[in-house]
Amino acid sequence: MYRFIHLYRLRMCASLAAFLVVAGFGTPESAPAQTITADPLSGKLVITGASTLAPLIAEIGKRFESIYPKVRVDVQTGGSSRGVADARQGLADIGMVSRAMKDDEKDLRAFPVARDGVGIIVYKENPVQVLTDEQVVAIYTGKITNWKDVGGKDAPITVVNKAEGRSTLEVFLHYFKMKNTDVKAQIVIGDNEQGVKTVAGNRHAIGYVSIGTAEYDELQGVPIKLLSVGGVTASTETVRNGTFPISRPLHVITRTPPVGLAKAFIDYAQSKAVHDIIKQQYFVPLVD
Amino acid sequence: MTSLSSNTLSRWSTDELLCWVLRGTAAIAGTIVLLIVAFLIVEALPVLHHIGLLRFFTDPSWHPVEGLYNLTPMLWGTLFAMTGSVLIATPLGILSAVFCHYYAPPALARPYRRLIELLAGIPSVVYGFWGLVVLVPLIAEIQPPGPSLLAGILILTIMILPTITLMADASLANVPQQYVRGAAALGLPRWATIRGVVFPAAKSGLFTGVILETGRAIGETMAILMVCGNVVQIPTSIFDPIRTLTANIALEMAYALGDHRAALFVSGLVLMAMIVALALAAEWISRGRVYG
């Protein structure tokens with residue numbers, strides 16, 4: 001099978017001051033597929049896996065490289081299953097998995113870096129306060145086409161769907177157990193901001209976007225409203241504590257307990273120093 | 001004598017140099033086009049190899065993640081949006097150039113021309129944003145959902161209008177003055193002069209303008225992506241949302257992998273084929289008739 005490998009080659013120019021920081025860490029022990037030179041925290045870190053996580057990890061990698069100029073971080077995508085396979089076989093130092101770990105993956109060490117939540121949004125003045133999962137499915141498959149059937153005004157529903165390949169679409173379809181071929185949409189959008197603007201500009205629209213984006217825009221006064229799902233309010237808070245149902249953890253994984261460079265990177269990716277990057281990518285940081 | 005011969009010599013070598021520089025730049029321009037086509041083909045090859053070209057036109061739908069690759073609705077979407085906007089923009093553009101040249105007082109014609117030039121300089125994403133927040137809600141009031149073929153046609157019309165207007169303006173300016181004066185001397189009224197003398201004399205420029213605006217209408221991506229709704233379907237009315245081939249690439253490229261990604265390169269190839277067809281059609285129509 002032809003497997004496309006997307007390569008984010010990251011290299012930041014050296015900053016002299018960072019050499020001093022490097023001295024603070026111990027000598028790393030050897031790990032597979034990791035080239036170790038005499039200097040602590042130098043060499044190349046290969047990270048492969050989920051395309052959802054790749055931009056986030058690539059951004060974190062860039063900042064990591066600017067702190068440790070002798071480090072190179074290579075981020076490649078290929079899906080969560082590739083992340084698992086590559087970490088297991090030692091082809092990658094770290095794997096990226098954009099879902100909860102499965103039972104047969106207990107041999108791997110998983111480290112959550114962020115959570116991803118998908119919220120359903122409607123126009124702010126839409127009288128509908130809550131939709132059951134069945135109603136959402138019926139709306140998205142074209143069985144309900146008027147708001148009055150779910151307690152709203154007499155107006156046709158504009159269904160906003162995401163373009164193929166987007167992780168938000170994947171999470172949404174997975175939760176509602178739909179196939180994209182079943183979805184009858186009136187508008188197909190690309191990124192989250194476009195989704196928010198589309199719903200804000202159409203008072204009969206329903207759409208779904210990353211909760212981080214929706215919450216931010218709602219605070220900025222954009223006329224949209226996040227609907228609760230299964231009785232749980234949609235907010236970054238409920239995504240963070242895992243109670244919001246349409247959400248998933250984003251993991252980085254290693255085969256053996258991480259040491260040296262991999263450990264430093266994972267610690268960094270889990271630290272507060274990268275929370276701004278996580279929010280920029282519309283994910284939800286884990287701890288405050 | 002010496003100075004003369006060295007002069008001749010130097011002129012000759014300058015010509016020689018210029019000739020090679022021009023050959024070089026021409027070769028670069030040609031190679032780039034060929035390289036792009038070659039690149040598109042190489043990237044599209046894996047999926048063409050797997051499933052063949054035919055399935056891009058016979059599959060039930062476009063769901064590349066589920067292995068369905070029908071491009072036909074998007075081909076129609078591109079064609080409809082292009083045709084609609086060219087049909088509106090061409091008469092508007094040519095007539096506004098005529099107005100500017102033969103009817104408007106100079107005090108009005110100059111600022112009007114500057115205004116059109118300004119229109120040409122606005123980035124497409126601005127048009128798209130304007131369409132999304134102003135035009136689409138307006139259309140939604142008439143006939144929901146709003147993002148539609150109509151919105152796409154209107155936005156495209158505004159975007160290609162300056163192209164045809166400025167081209168028409170330039171070609172009207174190139175019509176020899178003695179033609180117009182001759183017509184005036186014969187006592188022809190203004191509109192008859194324009195129709196019978198100016199248009200035939202300017203037709204090659206007008207035709208080039210139409211070709212240019214059509215090319216721009218096919219290639220436009222960002223604004224179309226924002227106002228057309230991007231649903232993959234053959235529209236049954238102008239209020240139906242559509243997706244164009246360009247929007248398809250821009251929308252899905254960022255997250256596409258494997259066959260899905262290769263399928264997007266096939267969209268690029270189809271788009272390229274459309275442009276080639278347009279160029280050939282222009283060549284065929286103009287042969288010996290417009291430029292001759």
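Residue numbers begin at 1 in each chain, while the letters A, B, ... track the order of the sequences. All heavy atoms count here, side chains included; hydrogens, waters and symmetry mates do not.
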Looking at every heavy atom in both [X] and [Y], which two are closest together, and how far apart are they?
X	Y	result
Thr181(A)	Ser61(B)	CG2-OG, 4.3 Å
Pro137(B)	Gly201(A)	CG-O, 3.6 Å
Ile189(A)	Leu251(B)	C-CD1, 3.8 Å

Reported [atom1]-to-[atom2] distance for the pair [X] and [Y], which is rounded to 0.5 angstrom:
X	Y	atom1	atom2	answer
Arg243(B)	Ile187(A)	CZ	CD1	12.5 Å
Lys197(A)	Phe129(B)	NZ	CZ	5.5 Å
Leu132(B)	Asn202(A)	CG	CG	10.0 Å

Any side-chain to backbone donor/acceptor pair from Glu164(A) onto Glu252(B)? Under 3.5 Å, distance only.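 Not a single qualifying donor-acceptor pair exists.
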
Chain A interface, residue from Ala140(B), Pro60(B), Ala247(B), Pro64(B) that has the most non-hydrogen pairs under 4.5 Å: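 The option with the most such pairs is Pro64(B).
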
Among Ala250(B), Pro147(B), Gly146(B), single out the residue with the greatest number of heavy-atom pairs under 4.5 Å to chain A. Pro147(B)

For [X], which atoms come within 4.5 Å of any heavy atom of chain A: side chain, backbone, both, or neither?
X	value
His63(B)	both
Val231(B)	both
Gln233(B)	neither
Leu68(B)	side chain

A quick test of your reading: do over 12 heavy atoms of other residues, nucleotides or ligands sit less than 6.0 Å from [atom1] of [X]?
X	atom1	result
Leu54(B)	CG	no
Arg203(A)	CZ	no
Tyr216(A)	OH	no

One option among Ile157(A), Thr198(A), Asn180(A) has the most heavy-atom pairs under 4.5 Å with chain B, and it is Asn180(A)

Which residue out of His204(A), Gln194(A), Gln186(A) racks up the most heavy-atom pairs below 4.5 Å with chain B? Gln186(A)

Report which part of Lys179(A) has an atom under 4.5 Å of a heavy atom belonging to chain B: side chain, backbone, both, or neither. both

